[in-house]
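Scroll down for the structure; my scribbles are underneath it.
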Amino acid sequence: MIISPSVLAMDYSRMKEQTEEVNASAAEWIHFDVMDGHYVPNLSFGPDLLRGFRKLSDLTMDVHLMVEEPHKFIQPFVEAGADIITVHEEVLHDYEKVMEMCEYIHSFGVKAGLAVNPMTDVRRLQAYLKHYDLFLIMCVEPGYGGQPFRPASLSKIKNLRKWIDHTDSNALISVDGGIKLDTGRECARCGADVLVAGSYVFKDDIGKAVDSLVHCIDRTQADRKDS
Ligand code: DX5
Ligand code: ZN
């Protein structure tokens, strides 16, 4: 299980210290939520901030673009240190545009992700299973951290897991929004590979919170054997 702590929930007066705690934890990725105030009502960060994080950490930089014009920001985020760039299906929508974006992101030598919001039918991802490297299931409406997990996300994860396993695809399933110990465990049971977590990880002891999410999958595997 890959854990991707979301920078959105950091204490910005202690960014360096908290990044070092993430580095020392079992987290393999860092999730970087980019919001433009148009696609989502909130504003967050641009590439310059990612460049700063890149200097502080060797972890995989997992960039989630919640913006109306993602094509404008691919190159700047790659140059700032992104390893994975995820765009929203709802922004591109058209098959040709979704495919072109995948090729465009890959042309910079980084991995490409495709996200869907809670109200989007997960079947919209089916055409891209062999092309994108990661599919991000949003378990809350994008825009803010700290929202409650939507249980309807679980069937989307299950379906996506089934389709990926029946296709010649190595794509990862990532889940984002409302991930805590219980919801993370449910997502892991349904087949998620990556847990993005903001408020749960940055609440208190970062290392312990990450460890608990890593171990939720171990317990899940034990549960599976027992059942
Ligand atoms: C929401 C963001 C999430 C957010 C998750 O738009 O995409 O990554 O930071 O925060 P929590 O884990 O607090 O729900
Ligand atoms: Zn996110």
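Along the sequence shown, the residues carry numbers beginning at 1. Remember, predicted model here, so these are calculated numbers, not experimental data. Atoms within a ligand are numbered from 1 in the order they appear, just like the ligands themselves.
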Any luck finding a side-chain donor-acceptor pair between Ser25 and Asp211 under 3.5 Å? no

Quick one: do the Asn23 and Ser57 side chains pair a donor with an acceptor below 3.5 Å?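 On atom types as modelled, these side chains qualify, holding a pair under 3.5 Å.
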
Which bit of Tyr144 is near ligand 1, meaning a heavy atom under 4.0 Å away: side chain, backbone, both or neither? backbone

Report yes or no: does Lys180 have a heavy atom closer than 4.0 Å to ligand 1?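 No; Lys180 lies far enough from ligand 1 that no heavy-atom distance drops under 4.0 Å.
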
May I ask whether Gly178 places a heavy atom under 4.0 Å from ligand 1? yes

Nearest to [atom], what protein heavy atom do you find, and at what distance?
| atom | result |
| --- | --- |
| atom 3 (C) of ligand 1 | Asp176 OD1, 2.9 Å |
| atom 4 (C) of ligand 1 | Asp33 OD2, 3.7 Å |
| atom 10 (O) of ligand 1 | Gly145 CA, 3.5 Å |

Nearest heavy atom to atom 9 (O) of ligand 1, choosing from Pro5, Gly198, Ser6, belongs to Ser6

Mind checking whether [X] has an N or O less than 3.5 Å away from an N or O of ligand 1?
| X | result |
| --- | --- |
| Ile179 | no |
| Ala197 | no |
| Gly146 | yes |

Taking the Zn ion (ligand 2) as the reference point, name the nearest N/O/S atom of Asp176. OD2

Would you give the angle at the Zn ion (ligand 2) between Asp33 atom OD1 and His64 atom ND1, to the nearest 10°? 90°

